[in-house]
Amino acid sequence: MSITSLPPSLISTLPGDYYTDPQIFAAEQEHIFESMWFCVSRASDLTKPGSFRTYQVGRESVLVSRSRDGSVRAFLNICRHRGAKLCTEESGEVKRNFQCPYHAWTYGLDGKLVAAPNLTSMPDIDRTEYGLVNVHIREWLGYVWVCLAEQPPSFEDEVIGAVSERLGGADAIENYTIEDLDLGRRVTYDVRANWKLIIENFMECYHCATIHPELTEVLPEFKDGLAAQYFVGHGAEFADEAQGFTVDGSEGLDRIPSVADEQDRRYYAITVRPQVFINLVPDHVILHRMYPIAHDRTIVECDWLYLPHVVDSGGDSKDIERSVELFHRVNQQDFDACERTQPAMSSRAYVKGGVLVPSEHHIGEFHAWLQARLGTQRAN
Ligand code: FES
Ligand code: FE
């Protein structure tokens, strides 16, 4: 069997080992997830002082918590004594302090070392030196973003800039008032696939006609295979007969008041590298965060955000179920496709990768970006 070279109009994908090699994954952890801004909690998940969550960011565990003054703080989740993992749960609440389960060193919500058994008998330890290690933090769109780099890149350029570039202007995202929306539903998916398969899938719509029957009913232009992300500022128009962005095209919810007329009845999709997808429709916002756990496993947390009165209204007729169901099905259809692809990445048929048809060519730009970050450009 031989793999012939491709005609010039086709671009090859990354070779299979980019999806299967733990060493490439380790390089991605270092040069991407630990170096860029990485989105973790919804700020409102940290309801009160002492609420905390832990996340794997690259190779590190990061502890995100609300401190006594109401601000959100982030630390490496590692005890400074002998390095035990400090908080072992994914989320929880402490009253006043974090206490290490090993020898009971105790840290305030601001990360300072406040107590340690028998410490007074060790006069030379400087408590201020042994606080938790701070992690850079920003809040935007009601989410907490962390960066493990010593000198973080500009948040304005890397995150906000990417969103404005896609939407064709800095204000377009503001109209959705995402920070003021409430969480209506969260579904967590444990996807047995490399994180890049999920990104690549999200970036293209060549698959939409095949696997997304409900979505293409509402967004008929997706049947043509050209992703909305292909064009700056473009939102896919709802079908004339679709009343809302719901699983059966039935009526949606109240429009977010500041959404502009030209944004009404349109769907916008944005990829914020390395691990966030933002989906905008007039009455809600769907935000995905990916947590790459291993070369073949990614946890995806998907939030459906609505106007507060919609979430409060609970059981009345304007319920959120039909809108949640639409994108939940899309997620399942997409992640099934990614899981079907992952095992084939190690096939000899994919040693040199596959091909990108013209409507997927923008994925080639993602590959070039990835290889530049890893310093792994090679002849594919
Ligand atoms: Fe945490 Fe010893 S390792 S108190
Ligand atoms: Fe899809």
Side-chain angles (χ1 to χ4, degrees), residues 52 54 61 63 75-89 94 97-108 111-122 125-127 129-133 187 189 191 193-230 235-236 245 247 267-271 276-281 286-288 290 298 300 302 325-342 356-357 359-360 362-363 366:
F52 71 87
T54 57
S61 174
L63 168 64
F75 312 100
L76 294 183
N77 186 21
I78 299 294
C79 178
R80 296 296 305 284
H81 173 220
R82 293 256 306 283
K85 194 172 191 179
L86 184 62
C87 291
T88 50
E89 292 113 32
V94 293
N97 301 305
F98 295 107
Q99 189 173 64
C100 178
Y102 196 176
H103 314 88
W105 278 33
T106 304
Y107 303 89
K112 288 195 183 117
L113 176 63
V114 292
N118 307 323
L119 202 61
T120 42
S121 59
M122 292 191 302
I125 187 160
D126 177 357
R127 280 188 201 197
E129 282 245 328
Y130 288 93
L132 298 177
V133 174
V187 179
Y189 305 86
V191 187
N194 184 277
W195 66 283
K196 297 188 293 299
L197 291 179
I198 300 172
I199 291 221
E200 291 158 7
N201 174 79
F202 188 76
M203 288 178 74
E204 54 97 353
C205 205
Y206 189 39
H207 67 268
C208 290
T210 328
I211 70 172
H212 294 318
E214 301 87 357
L215 185 66
T216 49
E217 279 298 304
V218 180
L219 304 175
E221 73 178 67
F222 276 17
K223 286 183 187 139
D224 299 337
L226 288 178
Q229 295 195 54
Y230 207 66
F245 195 71
V247 71
Y267 163 84
Y268 296 85
I270 308 157
T271 304
V276 176
F277 304 142
I278 306 173
N279 306 269
L280 306 169
V281 286
I286 304 158
L287 195 141
H288 298 77
M290 291 192 295
T298 309
V300 184
C302 183
E325 183 61 19
L326 174 56
F327 227 87
H328 175 56
R329 284 195 201 177
V330 169
N331 285 339
Q332 288 177 316
Q333 292 154 350
D334 281 333
F335 301 152
D336 282 353
C338 294
E339 290 189 338
R340 209 157 41 241
T341 309
Q342 178 65 36
L356 297 171
V357 302
S359 65
E360 302 170 301
H362 56 303
I363 296 176
F366 167 63

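Sequence positions, counted from 1, serve as the residue numbers for this chain. Whatever order the structure lists ligands and atoms in, that order sets their numbers, starting from 1. Computed over heavy atoms, backbone and side chain alike; hydrogens, waters and symmetry mates excluded.
A heavy-atom distance below 4.5 Å is not found between the side chains of Tyr102 and His81.
In this structure, His103 contributes its side chain and Pro117 its backbone to no donor-acceptor pair below 3.5 Å. A donor-acceptor pair under 3.5 Å links the side-chain atoms of Gln342 to the main chain of Asn194, judged by distance alone.
Evaluation of the side-chain contact (heavy atoms from CB on, under 4.5 Å) rule for Ala209 yields no partner, not counting sequence neighbours. By the salt bridge (charged side-chain N to carboxylate O under 4.0 Å, His left out) test, Lys85 pairs with no residue at all, sequence neighbours left out.
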Exercise. What do the steps show when you test Tyr267 against Asn279 for side-chain hydrogen bond (donor to acceptor under 3.5 Å, both in side chains), and what is the final call?
Worked result: CA-CA 7 Å; Tyr267 163 84; Asn279 306 269; 2.6 Å; yes
For this session: Mind running side-chain hydrogen bond (donor to acceptor under 3.5 Å, both in side chains) on Tyr189 and His288 for me, showing each step along the way?
Result: CA-CA 10 Å; Tyr189 305 86; His288 298 77; over 6 Å; no
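Using a 30° and 60° split on the angle between ring planes, Trp105 and Tyr130 fall in the perpendicular class, above 60°.
The tally of protein N/O/S atoms under 2.8 Å from the Fe ion (ligand 2) stands at 4.
Residue Thr54 forms a side-chain contact (heavy atoms from CB on, under 4.5 Å) with just one option from Thr88, Leu86, Leu63, and that option is Leu63.
Taking a cut-off of 2.8 Å, the protein N, O or S atoms nearer than that to atom 1 (Fe) of ligand 1 are Cys79 SG, Cys100 SG.
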